[in-house]
Structures are given as C-alpha cells and as structure tokens.
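Since we're looking at a predicted model, the values are computed, not measured.
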Amino acid sequence: PILYSYFRSSCSWRVRIALALKGISYDLVPVNLIKDGGQQFSAEFKALNPMQQVPALKIDGITLSQSLAIINYLEETHPNPRLLPQDPKKRAQVRMIADHIASGIQPLQNLSVLKQMGEKKMEWAQNYIASGFQALEQILQHTAGRYCVGDEVSMADLCLVPQVANAERFKVDMGPYPTITRINKALLELEAFKISHPSRQPDTPAELRA
C-alpha cells in the first residue's frame, strides 16, 4: 500500500492510526498542503484524487480517498483488531461519533475554509470546534467507557484524537470537555497512536518533531 499523507492532516492521521492498529505496513508519500502553493493541486495528484485532498491510499489495485471510506475498507479486508463493534447499537454509536467529527467539526476548520476566513480564522475555528465539542461531550457521557464507545478502540477514537490535536493547535479551552480530555489522554498512551502522531512523520518539520 501507498499512503499519500500530510503530517498535520487530521484525516491522514486517522488512516495512519488504522494502518498501525491493523499492522499493515505501507509506503508514505508526503503531500505538502502549503509548499509550492499546495502540492495537492498538482495535475499528478489531481489524477490520483480529483478532490485534491489527503489522504489517498493505493491498495489492492485501487485508489481510495476519504478517510472513513478507507478505514471501512481496511476494516472489511483486515478485520482484526476490530474497529467497529459487533453489537449493532454500539456500531451505530461509533459511526455517529465518527461522522459527528468527520462531517460536523473537522471540515469547518479545514485549510481551504480557513484560507477564506483571513484574519478571523482563529476565532472561526475556535467557535466551530467548541460548538462541536459541546455536543460531543454530551454524547460521550452516554457512550464512553475507557474510550469513545465502551472499552474497545473504535473508528470513533481514530477521529477523536486528531480533532483534539486540532483544538489544541487553535487554542480551544478544553476545560469544559473532561470526557473528551480523559479519552484522548488514554488513547495517546497506545503505541498505534504514538507512531502515527504528526510529530513523528517523515515529513514533519524538524522544529515540530517529537
């Protein structure tokens, strides 16, 4: 497999965690979203992913984009360890939380959106992350065990950790979200989350390396 990734991309990080958890080795091709006006806009990368976004994964003779679609494919082809619970209710909760983050929070502080916001980008990102986290905190109070849904790592957790990192980068006050904070801390102790961390990627700038 070949993963096209950017060290700081939260969507790429989700996929790196899934690959690490499932023990799938891969080659990483960095796509710098800022350098050269954004390498994702090159004709070569557009041919690979017409949405001109990372991640993209070449695997088993196909190219997939969209992090949750990629994770679902990995789940179906490499079922262990499981990232979606067997119980239909818990599985629905995992998908709900993953969608809440991947559709309801993350796109609103994506690089392309923040560019449009100019000087207001920090305030904009803080507002949308905070409103998303208020809802997420409430949801997690009903679903969480050690992790987002019960005591097993799931696709929801793969979305949570990168989103908390974004919140910290945008200086969001995490005080009102004790459940999110507790789960994030527990997940960051796991090896798959450590090795996939933005501070430990081949394209991480020297000053941001762990």
- prompt: Roughly how far, to the nearest 0.5 Å, is NZ of Lys89 from OG1 of Thr143?
  reply: 14.5 Å
- prompt: Among the clusters formed by ILVMFWY side chains lying less than 4.5 Å apart, do Tyr26 and Tyr73 turn up in the same one?
  reply: yes
field: Qualifying ring pair (Phe, Tyr, Trp, His ring centres under 6.0 Å) pairs, either residue in residues 171-210, two or more places apart
entry: Trp13-His197, Phe133-Tyr177
task: Output yes when Arg82 and Glu152 qualify as a salt bridge under the 4.0 Å nitrogen-oxygen rule, no when they do not.
output: yes
query: Of Leu57, Leu21, Leu64, Leu83, which is the lone residue that meets side-chain contact (heavy atoms from CB on, under 4.5 Å) with Leu74?
result: Leu57
- prompt: Are side-chain heavy atoms of Leu84 and Asn72 found at a separation under 4.5 Å?
  reply: yes
query: Any donor and acceptor pair, going by atom type alone, linking the side chain of Glu137 with main-chain N or O of Pro176 inside 3.5 Å?
result: no
message: I'd like to know whether CD of Gln141 has more than 12 heavy-atom contacts from other residues, nucleotides or ligands below 6.0 angstrom.
response: yes
message: Between the side chains of Arg146 and Glu189, is the shortest nitrogen-to-carboxylate-oxygen separation below 4.0 Å, so that they form an ion pair?
response: yes
- prompt: Any donor and acceptor pair, going by atom type alone, linking the side chain of Asp36 with main-chain N or O of Gln39 inside 3.5 Å?
  reply: no
- prompt: Do we see a donor-acceptor contact under 3.5 Å between the side chains of Ser67 and Arg14?
  reply: yes
field: Closest non-hydrogen atom pair, Leu160 against Asn184
entry: CD2-N, 4.0 Å
message: Does Tyr128, at its OH atom, have more than 12 non-hydrogen atoms belonging to other residues, nucleotides or ligands within less than 6.0 Å?
response: no
message: Donor-acceptor pair, distance only, cut-off 3.5 Å: does the side chain of Gln201 make one with the backbone of Ile195?
response: yes
- prompt: Is it the case that more than 12 heavy atoms not belonging to Glu191 sit under 6.0 Å from its CD atom?
  reply: yes
- prompt: Does Leu188 belong to the same Ile/Leu/Val/Met/Phe/Trp/Tyr cluster as Leu190, with side-chain heavy atoms less than 4.5 Å apart forming each link?
  reply: yes
field: Heavy-atom pair of closest approach, residues Gln126 and Phe170
entry: NE2-O, 2.9 Å
- request: Might you confirm whether atom NZ of Lys194 has over 12 heavy atoms from other residues, nucleotides or ligands at distances under 6.0 Å?
  value: yes
message: Would you say Met96 ends up clustered with Val161 if hydrophobic residues are merged whenever their side chains have heavy atoms under 4.5 Å apart, either directly or through other cluster members?
response: yes
- request: Enumerate the residue pairs fulfilling ring pair (Phe, Tyr, Trp, His ring centres under 6.0 Å) with a member in residues 82-116, sequence neighbours excluded, ordered by first and then second residue.
  value: none
message: Heavy-atom count check: over 12 atoms from other residues, nucleotides or ligands less than 6.0 Å from Lys22 NZ?
response: yes
